[in-house]
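Please read the structure below before turning to the comments.
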Amino acid sequence: MGDLPLNDLGRGFAALEAELRSTVDDVLSSGWYVLGPQHDAFEREFAAAVGAGHCVGVGNGTDALELALLGVGCRPGDEVVTVANAGMYTTTAALKAGLVPRFADVDPSTLLLTAATLEPALTPRTRAVVVTHLYGRLADVRALRELCRAAGVALVEDCAQAAGAAGEDGPAGSLADVAAFSFFPTKNLGALGDGGAVVTHDADRAAVLRSLRQYGWSAKYTATLPNGRNSRLDELQAAVLRVKLPHLAGWNARRRGIVARYAEALGDGPRCMVHGRDAGSPAYVGHLAVMSTPDRDADRAVLAAAGIRTDVHYPTPDHRQPVLAGTTGGLRLPVTEQAAGQILTLPCFAEMTDVEIDRVCDVLRGF
Ligand SMILES: Cc1ncc(COP(=O)(O)O)c(C=O)c1O
């Protein structure tokens, strides 16, 4: 019996191989490789799927975050508040845009930003807040929106881990001023390479984003906006994403089912699935199956001995990253810091077999 991986992208490809090969073939022979018909169709289909009026395809999720921040009017020196437990992506995007990242702690039960954890991090210099739907669980955007509106700051959703999640107020991507998606291959909706998108209800903002992703052009060869760059979703990736998009809801349901079974296997005790309580909710899409454990190293060793691979998302909070050394010195984020030592990611992907899920559950039951 081989090791059980955290994810197996080869199985995802195999499941759709004929369709993927055929659409890639069509693109190859079309003679159109960037910003063509596949891209335009994907933008329309994805905007509709996430309940936003406009979608702008870009090169990756980090570019999507950076463009989203510029698109809501952030200028160099402005502060952006975000969480420190979401893998440094928003912080990287903010730094690239010349912004100053500030960090808010998270709720201990969901590890998500809430209005209560955000409020103390807002300052008069805050221009935007980025809320990450971590591990695929929608944050309470309604409460954050009210707080941001009162403070006069923009709210950006980071939906990289939450494609297809939907709450009472609508899908991830439709809940704030603007939203960023990643289509990195491991995402719930993953391309066969890098890809990303920014979505918004606002037509004027979408026009700004379209300009920023392509040299700041207002027309071909006329650079009008500052901070333009080249970040476009190419035809091959757009075509691949169009094949995959209709399957997203089914894959998400399967992921939720996996997390529900892990939660059941762990039972009531000191260990739990971070979003086990939400495993039946459409507001959660099981992007990462993360458990919380008081004894991570030991648990990891037991799982490894059973041939089950694990990982940690993420071991070093942003405010402790070397690149920020000297800038966040005294900052304490007690919940974020404690969680970083207790989280452990288990295998979870739509093509996992029932036998494989049982294999993980057997180990979890023994904890
Ligand atoms: C929460 C989150 N935000 C942003 C990103 C950045 O996406 P990309 O890798 O496409 O730049 C990722 C994934 O990598 C992510 O998990």
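Every number for a ligand or one of its atoms is a count from 1 in the order of the listing.
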Exercise. Excluding sequence neighbours, so at least two apart, what forms side-chain hydrogen bond (donor to acceptor under 3.5 Å, both in side chains) with E235?
Worked result: none
Problem set entry | T91: partners by side-chain hydrogen bond (donor to acceptor under 3.5 Å, both in side chains), with sequence neighbours left out | D318
For this session: Would you confirm whether the ring centroid of H287 sits within less than 6.0 angstrom of the ring centroid of Y135?
Result: no
Quick one: table the atom pairs, ligand 1 N or O against protein N or O, below 3.5 Å, distance rounded to 0.1 Å.
{"unit_1": "ligand 1", "atom_1": "3 (N)", "unit_2": "D158", "atom_2": "OD1", "d": "3.3"}
{"unit_1": "ligand 1", "atom_1": "3 (N)", "unit_2": "D158", "atom_2": "OD2", "d": "2.7"}
{"unit_1": "ligand 1", "atom_1": "7 (O)", "unit_2": "S182", "atom_2": "OG", "d": "3.2"}
{"unit_1": "ligand 1", "atom_1": "10 (O)", "unit_2": "G61", "atom_2": "N", "d": "2.7"}
{"unit_1": "ligand 1", "atom_1": "10 (O)", "unit_2": "S182", "atom_2": "OG", "d": "2.7"}
{"unit_1": "ligand 1", "atom_1": "11 (O)", "unit_2": "G61", "atom_2": "N", "d": "3.3"}
{"unit_1": "ligand 1", "atom_1": "11 (O)", "unit_2": "T62", "atom_2": "N", "d": "2.9"}
{"unit_1": "ligand 1", "atom_1": "11 (O)", "unit_2": "T62", "atom_2": "OG1", "d": "2.6"}
{"unit_1": "ligand 1", "atom_1": "14 (O)", "unit_2": "K187", "atom_2": "NZ", "d": "3.4"}
{"unit_1": "ligand 1", "atom_1": "16 (O)", "unit_2": "Q161", "atom_2": "NE2", "d": "2.9"}
{"unit_1": "ligand 1", "atom_1": "16 (O)", "unit_2": "K187", "atom_2": "NZ", "d": "3.0"}

Exercise. What's in the same ILVMFWY side-chain cluster as F103, cut-off under 4.5 Å, chained through other members?
Worked result: M88, L95, V323, L324, L331, L333
For this session: Please state whether the rings of F181 and F183 are parallel, tilted or perpendicular, taking 30° and 60° as the class boundaries.
Result: parallel
Exercise. Is E356 salt-bridged to R11, going by a charged N under 4.0 Å from an acidic O?
Worked result: yes
